[in-house]
Amino acid sequence: MAFYDYDLFVIGGGSGGVRSARVAAALGKKVAIAEEYRYGGTCVIRGCVPKKLFVYAAQYHEHFEDAAGFGWTVGQSSFDWKKLVAAKDAEIARLEGLYKKGLSGANAEILETRAELIDAHTVRLVNSGQIVSAKTIVIATGGQPNPHAALPGHDLCISSNEAFHLDELPRSIVIAGGGYIAVEFANIFHGLGVETTLIYRGAEILSRFDHDLRRGLHEAMVAKGIRILCHDMLQSVAKSGEGLRVETLNNGVLNADVVMLALGRVPNTQGLGLEAAGVKTDERGAIVVDEYSRTSAHNIYALGDVTDRVQLTPVAIHEAMCFIETEYKNNPTKPDHETIATAVFSQPEIGTVGLSEEEAGKRYKELDVYRAQFRPMKATLSGRAEKMIMKLLVDAASRKVVGAHILGHDAGEMAQLLGITLKAGCTKDDFDRTMAVHPTAAEELVTMYVPSYRVRDGVRV
Ligand code: NDP
């Protein structure tokens, strides 16, 4: 039997990598994990977590305004960007420490270096040049912002990575893209007082979401003062005095202090030695895996964003747990990528699970659509013109709820709970016999008794 330095070597200390290494080590395996930047990966260091902290910061402006309707007089308020960044950095450092503590507590060896494959069982630690071997390897190197190298002036633009560490809060920003990151950051910057323009190539932002949420969010963002230019693209970015000059395809020239590209993320597979190890990638550079996350090299698995399946933290963690079951518990387990609840932390927020109306209309012959649009209770006294949208899509034949979509406060929190009901296959009748929690916005989900309309063969009737 071959002798290896490690039972498991994990490349990448993000959500998927850390979970694989920690749990394997806790099972008594000899494990090492290598990370070239900071432990915690995109989610903790420059993604979900700092983003959510920024979202909270951006909401205070409206909280102060809303307070007046409830009798409060709020004194002069001001915002200090550097203070926010420093507080965020301290929290991220704390979380990074916890990630490392979890690993060392489980006896995994923590390596602060880039690691590259030499062959299917051998890894080179770039900092020291040391060569080590492992029986099993997990690649969980994640992704990075698409640099959009074809855009003249792309090197003058920032991505979400830099957005977390800007020296100064810009006065104005142009954000390119219409996905999660573009929309979330447009709301963050606007909430912090930055003049914000979003440029998206398609007809409506958030192309993979239900049309009601897309439209509803677009309208709400515009009402707050965010400029959204659809059917448009950046043509070039150039320096102009203190700021940047942005040429667009359809809206002429825009000037901004900062231009941010949020045009999707690409897998981190460059220079990893994948070819030498026999690991195949697809045309986008993502590692090709089978249903068990196994690559074309039998002892190498790949998890998370580097495989470009579903780019979400909980999915990477789930894939890691399936890998542990498959490899170390004699229980081959395929990750389940069906019916994943998700949220967009825009303002208002989106929470969604299951199929959009468009997708459901293609999959089911007859669809009952229950839709409510209303002013949430808090907005009555605050006087804020805001609407919540809630929508359930029900397969008319089986009565199964196949999609649930919410726009408004706490939509992400609601989506988590709705995720359980849709995963369990609940029917509309289960919703109907569930007692409402009063007074909440969520009670609308169990009190929509009559369909708003029906979709037959994909067409509203
Ligand atoms: P998305 O895939 O969400 O959006 C990318 C956007 O860029 C789309 O609007 C797309 O347009 C547009 N685009 C892509 N290429 C071009 C191009 N060449 N020219 C013009 N526009 C282009 O990616 P993000 O970068 O926003 O986020 C990456 C991933 O991170 C997401 O998929 C998500 O899974 C994850 N994420 C999750 C969050 C959450 O859970 N809340 C928050 C942030 C990120 P089109 O739609 O027309 O293709």
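Atoms within each ligand, like the ligands themselves, are counted from 1 in listed order.
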- Pairing of Arg363 and Glu359 as salt bridge, 4.0 angstrom limit: no

- Query: Purely on distance, is any nitrogen or oxygen of Leu312 under 3.5 Å from one on ligand 1?
  - Reply: no

- Query: Is the closest side-chain donor-acceptor distance between Thr136 and Glu327 under 3.5 Å?
  - Reply: yes

- Query: With only distance considered, is Gly178 within less than 3.5 Å of ligand 1 through an N or O on each side?
  - Reply: yes

- Query: Arg265 and Thr42: side-chain donor and acceptor closer than 3.5 Å?
  - Reply: yes

- Item | Check: His148 N/O within less than 3.5 Å of ligand 1 N/O | no

- Task: Starting from atom 4 (O) of ligand 1, find the nearest protein heavy-atom neighbour and note its residue, name and distance.
- Result: Gly179 CA, 3.3 Å

- Measure from atom 5 (C) of ligand 1 to every heavy atom in Cys48, Ala341, Gly264 and give the option owning the shortest one. Gly264

- Item | Modelled atom types, side-chain donor and acceptor of Gln311 and Asp308, under 3.5 Å | yes

- Query: With atoms numbered from 1 as shown, which atoms in ligand 1 lie under 4.0 angstrom from a non-hydrogen atom of Lys51?
  - Reply: 41 (N), 42 (C)

- Query: Of all the atoms in ligand 1, which lie at a distance below 4.0 Å from a heavy atom belonging to Glu184?
  - Reply: 41 (N), 42 (C), 43 (C)

- Quick one: does Ala262 get within less than 4.0 Å of ligand 1, heavy atoms only? yes

- For the residue pair His409 and Glu349, confirm or rule out a side-chain donor-acceptor distance under 3.5 Å. no

- Message: Quick check against the 3.5 Å criterion: does Asn268 have a side-chain atom that pairs as donor or acceptor with the backbone of Gly143?
- Response: yes

- Does the side chain of Tyr60 come under 3.5 Å of the side chain of Ser77 through a donor N or O and an acceptor N or O? no

- Will you find, in the side chains of Arg309 and Thr307, an N or O donor that is under 3.5 Å from an N or O acceptor? yes

- Task: Any atoms of ligand 1 less than 4.0 Å from a non-hydrogen atom of Arg265? List them with their elements.
- Result: 28 (C)

- Item | Nitrogen or oxygen of Val344 less than 3.5 angstrom from that of ligand 1 | no

- Item | Arg94/Glu96 salt bridge by N-O under 4.0 Å criterion | no

- Query: Would you say Asn146 and ligand 1 have an N/O pair spaced under 3.5 Å apart?
  - Reply: no

- Task: Give the residue, atom name and distance (to 0.1 Å) of the protein heavy atom nearest atom 7 (O) of ligand 1.
- Result: Leu263 CA, 3.3 Å

- Hey, which atoms in ligand 1 end up nearer than 4.0 Å to a heavy atom of Tyr200? 9 (O), 11 (O), 45 (P), 46 (O), 47 (O)

- Message: Between Asn187 and Gln347, is there a side-chain donor-acceptor contact under 3.5 Å, judged purely by atom types and distance?
- Response: no

- Any heavy atom of Ala343 under 4.0 Å from ligand 1? The part involved is backbone

- Message: Can you report which non-hydrogen protein atom sits closest to atom 26 (O) of ligand 1, along with the distance?
- Response: Ile181 N, 2.9 Å

- ligand 1-proximal atoms of Arg201, by part, heavy-atom distance under 4.0 Å: side chain

- Query: Going by atom types alone, do His211 and Glu204 pair a side-chain donor with an acceptor below 3.5 Å?
  - Reply: no

- Give me the one residue out of Phe54, Phe164, Phe345 that meets ring pair (Phe, Tyr, Trp, His ring centres under 6.0 Å) with Phe185. Phe164

- Message: Using heavy-atom distances only, which candidate in Glu349, Gln311, Arg208 approaches atom 1 (P) of ligand 1 most closely?
- Response: Arg208

- Message: I want to know if ligand 1 touches Met233 in the polar sense, i.e. an N/O pair below 3.5 angstrom.
- Response: no

- Specify the protein heavy atom at minimum distance from atom 38 (C) of ligand 1: its residue, its atom name, and the distance to 0.1 Å. Tyr180 CD2, 3.2 Å

- Note on the structure: Closest to atom 46 (O) of ligand 1 among protein heavy atoms sits Ser207 OG, 2.6 Å

